[in-house]
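Structure first, commentary second.
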Amino acid sequence: MKRQALSRIERALLLLLALIGVNLFTGGTAHATSITTATWPVYTPGSSGKNVRAIQYLLKDQGYSLDLTSTYDQATGIALKNFQAKNNLRTDGIVGALTWPKLIKAGKLRDQGYAIMALQYLLNRAGFTLNDDGIFSPETEKVVRKYQQHTGLNTDGVAGIRTWMSLLTTTATQEKSNHIGQFRTSTTTSKPSHPSTTNKASSSSLHGLYGLDQKPTINATFINRVLAYYHSPAQGLGQTIYDNGVKYGIDPAFALAFFGHESSFGLYGIAVETHSLGNIRCTAGYICLATEGNGSFRKYGSWSEGIEDWYRLIRELYLDQNHLYTITQIVPVYAPQADHNNEHVYIEYIEEHIQIWRDDQIYA
């Protein structure tokens, strides 16, 4: 009896400490879900919202081809039932306590894929500011640790089953209450407003919406807002990115998206030293920086130099010489699987972010 009574007291104290921790972090309102209150949310055909978008990301990670609609549509249902059948689950199309543990993937440093995109997406919905590029970077690990610390989870930086459950429950709870006030980790916790972009509805390229050879669909002010939002060291160079896009006949939205995927807008990787927008391999005539085990890359004296060289490379080598115009044509050559890239994730990142930016949003 004494051991049972002590256990109940301990559980109550742990719950109280977890809630206090969240209150301190969020300025008085507990928005995150502690380990003691998290449960698997349930989704069925017709459901919609952020967790449904996460489901679609996770199914894409399993190899299913889906559009990220954030709605549990027919295509999502077919993919899910197929997934359930392959994993010896009841093929009822319900995403609940039995399906979630099979669908999620534990994420750790240097992991890549759509599952990591889903994780980053949910963390951003919780109020953090991550580049959702599908790469479990040191910054992603730092944010996971921060989330774990303030929700009473084991602070190991690994997004395991309990971290996923807490994130999904937090998102479901917020959507039910129609409340978006989450972790206050920066001065911007909601979608920032910004001037309208241009040319969103149709493409000026003969090669469709994702043809690089088109007029600008975002302006310099908006580019600066994106760079500032992600704390890029290239902040303030929106006009440079825009002007070079006009000069080389390439929509600057693509340059910005490549910059985001390659180095989280200059925050990580070799770009910190090379000032390269796109991590371009070394060739004759360039000052280069050698890496340990990954070859050498062009190095520039400034971000402005690196920006223009990326445009020049894409214009001359890809568009003019090799007649590669779209993202699906360019990425397999620019960032091939053989060079340890996930081409599908890369293409998805570029296309999704361009669509978001053309809709006057910084993130979805």
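When reading the values below, keep in mind they use all heavy atoms of this one structure, side chains included, and skip hydrogens, waters and symmetry mates. We're numbering straight along the sequence, starting at 1.
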**Asked** Does a salt bridge link E141 with K108, judged by any charged N lying under 4.0 Å from a carboxylate O?
**Response** no

**Message:** Can you tell me how far apart OG1 (T240) and CG (L277) are? Round to the nearest 0.5 Å.
**Reply:** 11.5 Å

**Asked** Donor-acceptor pair, N341 side chain versus P336 backbone, under 3.5 Å?
**Response** yes

**Message:** Is it true that, when you exclude R90 itself, more than 12 heavy atoms of the residues, nucleotides or ligands shown sit nearer than 6.0 Å to its CZ?
**Reply:** no

**Request:** Following the transitive rule for hydrophobic clusters with a side-chain heavy-atom cut-off under 4.5 Å over Ile, Leu, Val, Met, Phe, Trp and Tyr, establish whether Y229 and I350 coincide in one cluster.
**Result:** yes

**Asked** Between H275 and W303, how do the two ring planes meet: parallel, tilted or perpendicular, split at 30° and 60°?
**Response** perpendicular

**Prompt:** Is there a donor in the side chain of Y248 and an acceptor in the side chain of E308, or the other way round, less than 3.5 Å apart?
**Reply:** yes

**Asked** Would you call R358 and D251 a salt bridge, using N to O less than 4.0 angstrom?
**Response** yes

**Complete:** Interatomic distance, CE@M117 vs CD@Q112, rounded to 0.5 Å, equals 10.0 Å

**Summary of side chain to side chain donor-acceptor pair (under 3.5 Å) pairs that have at least one residue in residues 260-271, sequence neighbours excluded** = N131-S264, E139-Y268, E262-N279, E262-Y346

**Item:** L80 with I94, same ILVMFWY side-chain cluster at under 4.5 Å
**Value:** no

**Asked** Quick check, are the ring centers of Y325 and Y318 under 6.0 angstrom apart?
**Response** no

**Message:** Test your reading of the model: is there a side-chain donor-acceptor pair from E343 to the backbone of Q337, 3.5 Å cut-off?
**Reply:** yes

**Message:** Tell me if the aromatic rings of Y230 and F265 count as close, with their centers under 6.0 Å from one another.
**Reply:** yes

**Message:** For the backbone of I218 and the side chain of Y242, can you confirm whether one donor and one acceptor N or O come within less than 3.5 Å of each other?
**Reply:** no

**Cluster overlap Y64 with I116, hydrophobic side-chain contacts below 4.5 Å** = yes

